[in-house]
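Quick note on labels: first sequence line is chain A, next is B, and so on, each numbered from 1.
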Protein chains: 2
Amino acid sequence: MTEPRWLDADEQETWRAFLWTSRLLNEALDRQLQRDSGMPHAYYMILAMLSESPGRALTMSELAEVVHSSPSRLSHAVNRLEEAGWVRRTKHATDRRATIAELTDEGYAVLVEAAPGHVAEVRRRLFDPLTREQMLEFRETLHALLEALDPDHTAPCAPDSS
Amino acid sequence: MTEPRWLDADEQETWRAFLWTSRLLNEALDRQLQRDSGMPHAYYMILAMLSESPGRALTMSELAEVVHSSPSRLSHAVNRLEEAGWVRRTKHATDRRATIAELTDEGYAVLVEAAPGHVAEVRRRLFDPLTREQMLEFRETLHALLEALDPDHTAPCAPDSS
DNA sequence: CTTCAAGACTTGAAAGTTAAACTAAATCGG
DNA sequence: CCGATTTAGTTTAACTTTCAAGTCTTGAAG
């Protein structure tokens, strides 16, 4: 740690802006989902990712990866979702270590109910305030940051759903 | 909620990229601070904001505002920081409702110790991957988003410290 | 000068997350 | 085939955050 180059004023402001934007945006989304569907954003993501998977099911490991959750966190979350009746656990047929999490019909219904409001909120908070050009250049910048944060592309940032 | 305009492919990808970037960046920062200084980012912010305030002290309300914390969360956090001996609570002289949180010398020392590593991490994760132009345009975009998220400028995004 | 709403916190319990330890099943290298 | 690893997942406890309620001022109205 030789000579820690301090942040200049522009950097300072950029850093602040990033911190506040990501916090306020995440809070807005969380509030909306909690209010309208009674679940946090992380839980919504679990349902959403399951709904897009073949058979509306994934192993816990696969699911943990796509929602970027630790195994532990996912396990707790799926406990809750199972209690709510939105997800069901099954044993994997051939690999008996694996557990399969499957979206129930009820869970799917909840998701279908929740999605429009969620998408509307994303649009309102993220896309309405930006021009198309701003959005595209924003995306490029985010990709540059992602490249540095996650060189191996662990993150499933290919075109997928919300 | 009439006709929920879905996200197109570009929007989809932008939204994903934002989600992942903000998560990975926040995680990286949290990990670094937890590892090197044994505290979460939110606690670091409390110390940092106090250190920049006149007399290294603020009322709980003021502090809650600058770190964007609920009163309750801040109260719990300050309990921990007080146990650690990094912050001290005092009664406000004239308004006996108010409590003043004051950074102790020990807390200041911890912050001074922690700051360089933290700044280095911010630089590494956020600024190194971007060109100066990218950074400046990124900041503009974030300001546009902030304007929509927080029209009353509650967020202290004027030039300040980390 | 009382009354009473609003302001500034604190508290306790519940929800969510993290960290570390643990079980069980599959795989790999002799 | 067998022991050592690795992989998959759960569990427990600690910790952070949120939510709802409660305390003690202040300030403003009547």
Side-chain angles (χ1 to χ4, degrees), chain A residues 23-24 26-35 37-47 50 57-84 86-102 154, chain B residues 22-24 26-47 57-84 86-102:
Chain A
R23 271 205 257 182
L24 292 176
N26 280 309
E27 281 172 17
L29 269 300
D30 248 343
R31 252 199 320 280
Q32 182 272 322
L33 275 172
Q34 194 74 56
R35 170 168 47 74
S37 312
M39 70 182 126
H41 189 236
Y43 288 27
Y44 176 87
M45 286 296 265
I46 292 175
L47 301 187
L50 283 178
L58 288 175
T59 66
M60 293 298 276
S61 301
E62 293 165 339
L63 186 50
E65 180 148 301
V66 297
V67 304
H68 188 66
S69 189
S70 68
S72 170
R73 172 167 30 160
L74 182 62
S75 194
H76 287 298
V78 169
N79 284 344
R80 294 310 174 101
L81 293 172
E82 212 171 11
E83 285 168 23
W86 298 341
V87 170
R88 176 175 36 242
R89 269 191 254 236
T90 315
K91 279 285 145 203
H92 186 107
T94 67
D95 185 342
R96 280 188 306 175
R97 289 170 303 182
T99 302
I100 295 172
E102 186 192 348
T154 297
Chain B
S22 74
R23 271 205 257 183
L24 291 175
N26 280 310
E27 281 172 18
L29 270 301
D30 248 344
R31 253 199 318 280
Q32 182 274 324
L33 275 172
Q34 194 74 55
R35 171 167 47 74
D36 296 346
S37 311
M39 68 180 127
H41 189 234
Y43 288 26
Y44 176 88
M45 285 295 265
I46 292 175
L47 301 186
L58 289 174
T59 66
M60 293 296 277
S61 301
E62 292 165 340
L63 186 51
E65 180 148 303
V66 296
V67 302
H68 189 67
S69 188
S70 69
S72 170
R73 165 155 55 148
L74 182 62
S75 194
H76 288 299
V78 169
N79 284 344
R80 295 308 174 101
L81 293 172
E82 209 171 13
E83 285 167 23
W86 298 342
V87 169
R88 176 174 38 243
R89 270 193 254 236
T90 315
K91 280 282 144 206
H92 187 106
T94 66
D95 185 343
R96 280 188 305 178
R97 288 171 302 182
T99 302
I100 295 172
E102 188 192 347

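Shown here for A:Ser37 and A:Trp86, the closest heavy-atom pair between the two residues is O-CH2, 4.5 Å.
A donor-acceptor contact under 3.5 angstrom links the side chains of B:His92 and B:Thr94, judged on distance only. A side-chain donor-acceptor contact under 3.5 Å links A:Glu27 and B:His68. Counting only N and O atoms by type, the side chains of A:Gln34 and A:Asp30 include no donor and acceptor under 3.5 Å apart.
Distance from the side chain of B:Asp95 is smallest for D:dT26 among the nucleotides C:dC9, D:dT26, D:dT10. The side chain of A:Pro71 approaches D:dT10 more closely than any other nucleotide in the set C:dG16, D:dT16, D:dT10.
Atoms CE (B:Met60) and P (C:dT11) sit 10 Å apart, rounded to a whole Å. As rounded to whole Å, 11 Å separates atom C1' of D:dT23 from atom NZ of B:Lys91. Atom pair B:His68:NE2 and D:dT17:P shows a separation of 12 Å (rounding to whole Å applied). B:Arg89 places its CZ atom 10 Å from the P atom of C:dC9, with the value rounded to the nearest Å. Here the P atom of nucleotide D:dT10 and the NE2 atom of A:His92 are 15 Å apart, to the nearest Å. Rounded to a whole Å, the CG atom of B:Asn79 is 14 Å from the P atom of D:dC15. Residue A:Arg73 contributes atom CZ, which lies 9 Å from atom C1' of C:dG16 at whole-angstrom precision. In this structure, A:Asp30 atom CG and C:dA15 atom C1' are separated by 13 Å, rounded to whole Å.
A residue-by-residue look at A:Thr94 and A:Pro40 shows that A:Pro40 has its nearest nucleotide of DNA chain C further toward the 5' end.
The residue B:Ser75 sits close to a base: some heavy atom pair falls under 4.0 Å. Counting any heavy atom pair closer than 4.0 Å across all strands shown, B:Ser69 reaches no nucleic acid atom.
Using a 4.5 Å heavy-atom threshold, the side chains of B:Leu47 and B:Val87 count as touching.
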Side chain to side chain contact (heavy atoms under 4.5 Å, CB included) for A:Leu50 and A:Glu102? Distances and angles first, verdict last. CA-CA 7 Å; A:Leu50 283 178; A:Glu102 186 192 348; over 6 Å; no

What are the atom names and distances for every N/O pair under 3.5 Å that joins the protein to nucleotides 12-14 of chain D?
from	atom 1	to	atom 2	distance (Å)
D:dT12	O4	A:His76	NE2	3.2

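In this model, the phosphate group of C:dC9 is not approached by any side-chain N or O of B:Arg96 to a distance below 4.0 Å at OP1 or OP2.
A side-chain donor-acceptor contact under 3.5 Å links A:Glu82 to the backbone of A:Arg89.
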